[in-house]
Amino acid sequence: QVMVVESGGGFMQAGGSLRLSCAASGSIFSINVMGWYRQAPGKQRELVASITTSGTTNYEDSVKGRFTISGDFAKNTAYLQMNSLKPEDTAVYYCNADVRTTSSLIAYRYWGQGTQVTVSS
C-alpha cells in the first residue's frame, strides 16, 4: 500500500559528498517522521538521522556536523546530505517513514529497499 524508495547512493572517495533522496508513495494520509538508518555487513542497523514534521532532527553522534537531513513532507520526501564522507560511513542506507494510511487508524513504519554507499580511503 505504501512504498518507500531511496536513491543517490554510490561510490565516493573519503572527503567527498553524496546526497540521498527518499520518496514515499501510495495511500498516504500523513507522515509524521522520516529517517535514515544504515547497516554495514555484520553490524547492527543504526539510526543515522531523523526528522519530524515540526522540524526536529536527531543525528547519530558520528555524523553530527557532517550529515544534514531535510524533509519536504508535502511531497513525502526526505534527503540526507552527506559531506566529509569517511570509510566508516560505508553501509547500506535505508529510508523509513512513519505513515498513517488512508485506510488504517494505525501508523506503521515503512522501509525502503536500501541504497549502497561505499567510501574509499
Side-chain angles (χ1 to χ4, degrees):
Q1 191 173 26
V2 175
M3 292 190 65
V4 178
V5 179
E6 308 99 330
S7 62
F11 294 87
M12 181 59 63
Q13 190 174 18
S17 298
L18 288 171
R19 184 176 177 86
L20 306 183
S21 299
C22 174
S25 62
S27 301
I28 298 172
F29 179 76
S30 65
I31 298 177
N32 294 322
V33 182
M34 297 188 74
W36 292 92
Y37 285 70
R38 66 186 180 187
Q39 187 169 26
K43 302 292 183 64
Q44 290 282 112
R45 181 162 55 182
E46 64 177 0
L47 174 70
V48 178
S50 64
I51 186 169
T52 70
T53 55
S54 65
T56 300
T57 57
N58 186 36
Y59 294 94
E60 194 271 329
D61 287 341
S62 69
V63 309
K64 290 180 179 178
R66 300 189 297 119
F67 292 8
T68 302
I69 188 170
S70 60
D72 185 347
F73 287 90
K75 297 181 179 179
N76 299 325
T77 58
Y79 306 92
L80 185 68
Q81 179 66 46
M82 304 186 294
N83 298 327
S84 301
L85 283 164
K86 302 176 181 179
E88 51 262 43
D89 295 319
T90 296
V92 177
Y93 284 70
Y94 298 91
C95 178
N96 73 270
D98 291 345
V99 178
R100 295 184 182 272
T101 68
T102 57
S103 61
S104 178
L105 298 176
I106 302 173
Y108 292 96
R109 177 163 291 182
Y110 292 87
W111 292 89
Q113 78 289 343
T115 184
Q116 177 71 47
V117 172
T118 302
V119 183
S120 63
S121 60

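Below, all heavy atoms of this structure are taken into account, side chains as well, without hydrogens, waters or symmetry copies.
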Student: Taking transitive links into account, so neighbours of neighbours count too, which hydrophobic residues share a cluster with Tyr94 at under 4.5 Å side-chain distance?
Tutor: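 Its cluster partners, ordered by chain and number, are Tyr37, Leu47, Val92, Trp111.
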Student: Please, which pairs that meet ring-ring contact (aromatic ring centres under 6.0 Å, His included) have at least one residue in residues 71-93, sequence neighbours excluded?
Tutor: none
Student: Within the structure provided, determine whether Tyr110 and Ile31 are in side-chain contact (heavy-atom separation under 4.5 Å).
Tutor: no
Student: Please list all pairs meeting disulfide (SG to SG under 2.5 Å) that have one or both residues in residues 43-73, counting only residues at least two apart or in different chains.
Tutor: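 Applying disulfide (SG to SG under 2.5 Å) to every pair that reaches into residues 43-73, excluding sequence neighbours, yields nothing.
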Student: What pairs with Thr52 under side-chain hydrogen bond (donor to acceptor under 3.5 Å, both in side chains), at least two apart in sequence or on another chain?
Tutor: Ser54
Student: Considering non-hydrogen atoms only, spot the tightest contact between Thr90 and Gln116 and give its length.
Tutor: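 Looking at all heavy atoms of both residues, the closest pair is CG2-NE2, 4.0 Å.
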Student: For residues 90-106, which residue pairs pass the salt bridge (charged side-chain N to carboxylate O under 4.0 Å, His left out) check, not counting sequence neighbours?
Tutor: Asp98-Arg109
Student: Between Lys43 and Gln39, what is the shortest heavy-atom contact and its length?
Tutor: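 Answer, listing the atom of Lys43 first, then Gln39: O-NE2, 3.1 Å.
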Student: Only counting residues at least two apart or in another chain, list the ones meeting side-chain hydrogen bond (donor to acceptor under 3.5 Å, both in side chains) with Thr57.
Tutor: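 For Thr57 there are no side-chain hydrogen bond (donor to acceptor under 3.5 Å, both in side chains) partners, ignoring immediate neighbours.
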Student: To the nearest 0.5 angstrom, please state how far the CE atom of Met34 sits from the CG atom of Asn32.
Tutor: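 If I round to the nearest 0.5 Å, the distance is 11.5 Å.
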Student: Consider only side-chain heavy atoms of I, L, V, M, F, W and Y, link residues closer than 4.5 Å, and tell whether Val33 and Ile51 are in one cluster.
Tutor: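 No; Ile51 is not reachable from Val33 via cluster members.
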Student: Tell me, which pairs form a ring-ring contact (aromatic ring centres under 6.0 Å, His included) where one or both residues lie in residues 3-24, sequence neighbours left out?
Tutor: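 Listed by first then second residue: nothing to list.
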Student: What pairs of residues pass the disulfide (SG to SG under 2.5 Å) test when at least one of them lies in residues 34-63, not counting sequence neighbours?
Tutor: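 Every pair satisfying disulfide (SG to SG under 2.5 Å) with a residue in residues 34-63: there are none.
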Student: For Trp36 versus Ala78, what's the shortest heavy-atom pair and its separation?
Tutor: CZ2-O, 4.1 Å
Student: For a quick test of your reading: what N or O donor-acceptor pairs under 3.5 Å do the side chains of residues 1-8 make, sequence neighbours left out?
Tutor:
residue, atom, partner, partner atom, Å
Gln1, NE2, Ser103, OG, 2.7
Glu6, OE1, Gln113, N, 3.0
Glu6, OE1, Gln113, NE2, 3.2
Glu6, OE1, Gly114, N, 2.9
Glu6, OE2, Cys95, N, 2.7
Glu6, OE2, Gly114, N, 3.2

Student: Please list, chain by chain and in numerical order, all residues satisfying side-chain hydrogen bond (donor to acceptor under 3.5 Å, both in side chains) with Lys64, sequence neighbours excluded.
Tutor: Asp61
Student: Only counting residues at least two apart or in another chain, list the ones meeting salt bridge (Lys or Arg N to Asp or Glu O under 4.0 Å) with Asp89.
Tutor: Arg38, Arg66
Student: Return the minimal non-hydrogen interatomic distance between Ala91 and Ala40, and the atom names on each side.
Tutor: CB-N, 3.9 Å
Student: Indicate every side-chain donor-acceptor pair of residues 13-30 with a distance under 3.5 Å to a residue at least two apart or in another chain.
Tutor:
residue, atom, partner, partner atom, Å
Ser17, OG, Asn83, OD1, 2.8
Arg19, NH1, Gln81, OE1, 3.3

